[in-house]
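Scroll down for the structure; my scribbles are underneath it.
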There are 2 protein chains.
Amino acid sequence: MAAINNLKPTESELEILQILWEKGNCTVRDVHEILEKNKDAGYTTTLKLMQIMLEKGLVARDASSKTHIYRALLNQEKTQQHLVDKMIDNVFNGSAARMVMQALGNHTASKEEIDSIKKYLDGLSNQ
Amino acid sequence: MAAINNLKPTESELEILQILWEKGNCTVRDVHEILEKNKDAGYTTTLKLMQIMLEKGLVARDASSKTHIYRALLNQEKTQQHLVDKMIDNVFNGSAARMVMQALGNHTASKEEIDSIKKYLDGLSNQ
DNA sequence: ATTTGATTACGAAACAATTCGTAGATAAAG
DNA sequence: CTTTATCTACGAATTGTTTCGTAATCAAAT
């Protein structure tokens with residue numbers, strides 16, 4: 001298997017990808033210890049997931065030493081874009097604006113965040 | 001089964017919910033004909049899905065005549081909010097702002113949409 | 001050298017989602 | 001009344017995801 005075709009990681013895969021995106025190179029144990037904080041699953045479960053992700057081409061690994069070192073192959077931004085687009089389509093009937101308002105309406109965003117979004121929008125419309 | 005506990009409809013279920021949210025009351029055939037436009041699946045597949053959704057309490061139906069009439073039980077806004085929150089958490093490490101910018105950055109939003117969002121944000125921060 | 005501990009590989013079970021075929025019921029058309 | 005079409009119910013196959021137990025390997029510690 002291979003090819004960076006799969007922009008549709010499963011939920012578990014996404015959890016792992018997020019860690020790899022943030023931390024860079026990780027062993028299975030690194031990833032597992034972070035995952036453990038939020039959910040409980042055995043070590044071999046994490047291992048298996050990462051092995052499957054390898055088969056799918058979502059990650060690559062350096063297997064030169066006994067303890068393998070993994071890194072993400074999927075691009076973070078592209079994946080995020082793809083998932084957001086899908087949600088806009090699936091859940092908000094194609095209206096980005098509706099999603100944005102829904103996201104910002106409910107105390108999810110701080111004043112600072114809102115200000116930074118405004119600045120961002122100003123930049124957008126002045127182009 | 002019952003209870004409006006399930007805010008996590010599957011993808012197929014979401015497709016159906018969207019139709020019910022928009023159209024209101026629908027027969028299986030109504031739903032199926034709309035679904036067919038975008039995907040191909042047999043009639044009994046749609047039927048089965050809706051029956052499962054009934055068991056899960058996602059929809060209700062009037063079965064007084066031979067052809068049953070379905071309606072959504074899940075609240076559209078709450079479901080949208082839940083899914084957006086989950087995405088912010090799962091995909092954007094908890095930052096609503098990052099998601100919004102990602103959503104708006106890529107030509108997904110028209111000038112009009114962006115303007116309406118700006119107005120919306122002004123309303124928010126003046127509270 | 002032997003034991004201990006951590007690691008990978010692998011198969012399989014458990015679960016969930018999707019798809020569809022078939023049968024039986026009901027209504028409409030002839 | 002009989003045929004035809006449409007509908008629901010249901011079981012089962014298929015596919016995908018998640019979980020974990022067990023065995024084999026290797027390295028470090030004793």
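Order of the sequence lines fixes the chain letters, A, B, ..., with proteins taken first and strands second; residue numbering starts at 1 for each chain. Both backbone and side-chain heavy atoms feed into the values below; hydrogens, waters and symmetry mates do not.
Judged as a salt bridge (Lys or Arg N to Asp or Glu O under 4.0 Å), not a single pair has a partner in residues 69-83 of chain B (not counting sequence neighbours).
Contacts of B:Gln51 classified as side chain to side chain donor-acceptor pair (under 3.5 Å), with partners at least two apart in sequence or in another chain: none. For A:Glu112, the side chain to side chain contact (heavy atoms under 4.5 Å, CB included) test picks out A:Ser110, with sequence neighbours left out. Residues passing the side chain to side chain donor-acceptor pair (under 3.5 Å) test with A:Ser12, sequence neighbours excluded: none. Applying the side chain to side chain donor-acceptor pair (under 3.5 Å) test to A:Asn93 and every residue at least two apart in sequence or in another chain returns B:Gln18. For A:Glu15, the side chain to side chain contact (heavy atoms under 4.5 Å, CB included) criterion is met by A:Leu35, A:Lys39, not counting sequence neighbours. Scanning for ring pair (Phe, Tyr, Trp, His ring centres under 6.0 Å) contacts around B:His68 gives an empty result, with sequence neighbours left out. Looking at residues two or more places apart in sequence or on another chain, you find a side chain to side chain donor-acceptor pair (under 3.5 Å) between A:Ser64 and A:Asp62. Checked against side chain to side chain contact (heavy atoms under 4.5 Å, CB included), B:Ser95 has the following partners two or more places apart in sequence or in another chain: A:Glu113, B:Ala97, B:Arg98.
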Practice problem: Please assess A:Arg29 against A:Glu36 for the test salt bridge (charged side-chain N to carboxylate O under 4.0 Å, His left out), listing each intermediate value before the final yes or no. | Solution: CA-CA 10 Å; A:Arg29 182 147 305 274; A:Glu36 262 186 328; over 6 Å; no

Exercise. Classify every nucleotide of nucleotides 25-30 of chain C by which part a protein heavy atom approaches to under 4.0 Å, writing B for the base, S for the sugar-phosphate alone and - for neither, in 5'-to-3' order.
Key: -B----

Quiz item: Quick one: what's the B/S/- string for nucleotides 13-18 of chain C, heavy-atom cutoff under 4.0 Å, read 5' to 3'?
Solution: ----SB

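In this entry the distance linking CG of B:Leu35 with P of C:dC20 reads 13 Å, nearest Å.
In the region residues 20-32 of chain B, proximity to DNA chain C at under 4.0 angstrom, judged on heavy atoms, holds for none of the residues.
When the side-chain nitrogen and oxygen atoms of A:Tyr43 are compared with OP1 and OP2 of C:dT8, one or more of them lie within a distance under 4.0 Å.
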